[in-house]
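Throughout, residue positions are numbered sequentially from 1 according to the sequence presented.
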Amino acid sequence: MKHVILALFFATSLLTACNNEQSGGLSTDLVNNPKSATQTSDKAPAITFDKTEHDFGTLLQGEVVTYSFHFTNTGNAPLIISNVKTSCGCTVGDFPREPIAAGKSGAIKATYDSKGHHGFQTRTLTVFANTNPNQTTLTLKGSVKTPDQY
C-alpha cells in the first residue's frame, strides 16, 4: 500500500511540475529564435582548412613542436575567430584576432610541448568562429619517445 501511495504522490508531482502555464512558471515563448540553425545565408563567412590533422611523427620527450593550420575564408563576409580551445595545457593555439576578409587566408599556429609525455599522443584544438557550424576541430598527433627509447 505504501508503494501505491508513493507512486501516486510522484505522479501528481510530476504532472504539476510539467504544467508551467497554470502554475505561474515561465513560458517557453520567451525563447524565440527566428532563424533556424540549419538556415544559411549567402552573406556568411566560411572557414576552409588546407588540412585539419597533422602528424608530427616521432618526437623526443621534452621537444616543443609547432605546426600552422592554414585556412581560407571561402564565404562572403568577414570571418571572426573568437577563440581556440585546446584539449590539454601542453598545447597552445595562436590565432588571428582581426577579421579575415572573404577570399583571404590566415593560419592557426599550434604548439605542442611533449615534456612529461610518452607513447602515442593526440591533442585537439577547437576553433570557434562566426561560421556554420561554429566549431571546427583540428588534431595533432605524434609518438613521444623517452631518451632511452630513442
Do [X] and [Y] come within less than 4.5 Å of each other through their side chains, counting heavy atoms only?
{"X": "K145", "Y": "H118", "value": "no"}
{"X": "T137", "Y": "T52", "value": "no"}
{"X": "L140", "Y": "T91", "value": "yes"}
{"X": "Y112", "Y": "C90", "value": "yes"}
{"X": "D94", "Y": "I108", "value": "no"}
{"X": "F95", "Y": "S82", "value": "no"}
{"X": "T124", "Y": "T86", "value": "no"}

Check: [X] side chain, [Y] main-chain N or O, donor-acceptor pair, under 3.5 Å:
{"X": "N73", "Y": "I100", "value": "yes"}
{"X": "N130", "Y": "L79", "value": "no"}
{"X": "S114", "Y": "G62", "value": "yes"}
{"X": "N134", "Y": "A129", "value": "no"}
{"X": "Q121", "Y": "V144", "value": "no"}
{"X": "T48", "Y": "T74", "value": "no"}

Which atoms form the tightest heavy-atom contact between [X] and [Y], and what is the distance?
{"X": "G75", "Y": "A102", "value": "O-CB, 3.2 Å"}
{"X": "Q61", "Y": "P147", "value": "OE1-CD, 4.0 Å"}
{"X": "H70", "Y": "A107", "value": "ND1-CB, 3.7 Å"}

Margin query: Set out, in order, the CA-CA distance, both residues' side-chain angles and the distance that settles side chain to side chain contact (heavy atoms under 4.5 Å, CB included) for T126 and V84, then state yes or no.
Written below: CA-CA 5 Å; T126 304; V84 173; over 6 Å; no

As an exercise, state the distance from [atom1] of [X] to [atom2] of [Y], rounded to the nearest 0.5 Å.
{"X": "R123", "Y": "S87", "atom1": "CZ", "atom2": "OG", "value": "5.5 Å"}
{"X": "R97", "Y": "I80", "atom1": "CZ", "atom2": "CD1", "value": "13.5 Å"}
{"X": "L138", "Y": "E53", "atom1": "CG", "atom2": "CD", "value": "10.0 Å"}
{"X": "S68", "Y": "D50", "atom1": "OG", "atom2": "CG", "value": "11.0 Å"}

Next item on the list: Would you sort out whether T66 and T111 count as a side chain to side chain donor-acceptor pair (under 3.5 Å), showing the intermediate values?
Entry: CA-CA 4 Å; T66 300; T111 303; 3.3 Å; yes

Next item on the list: Find out if a path of hydrophobic residues (ILVMFWY) with successive side-chain heavy-atom gaps under 4.5 Å connects F71 to F128.
Entry: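 Each belongs to a different hydrophobic cluster.
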
Notebook entry, point to check: Angle class for the Y67/H54 ring planes (parallel below 30°, perpendicular above 60°, tilted otherwise)?
Noted result: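 Geometry flag for H54 against Y67: parallel rings.
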
Notebook entry, point to check: Between F69 and F49, what is the ring plane arrangement, given parallel below 30°, perpendicular above 60°, and tilted in between?
Noted result: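 Perpendicular.
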
Notebook entry, point to check: Is the count of non-hydrogen atoms from other residues, nucleotides or ligands lying under 6.0 Å from K85 atom NZ greater than 12?
Noted result: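 Incorrect, the count does not exceed 12.
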
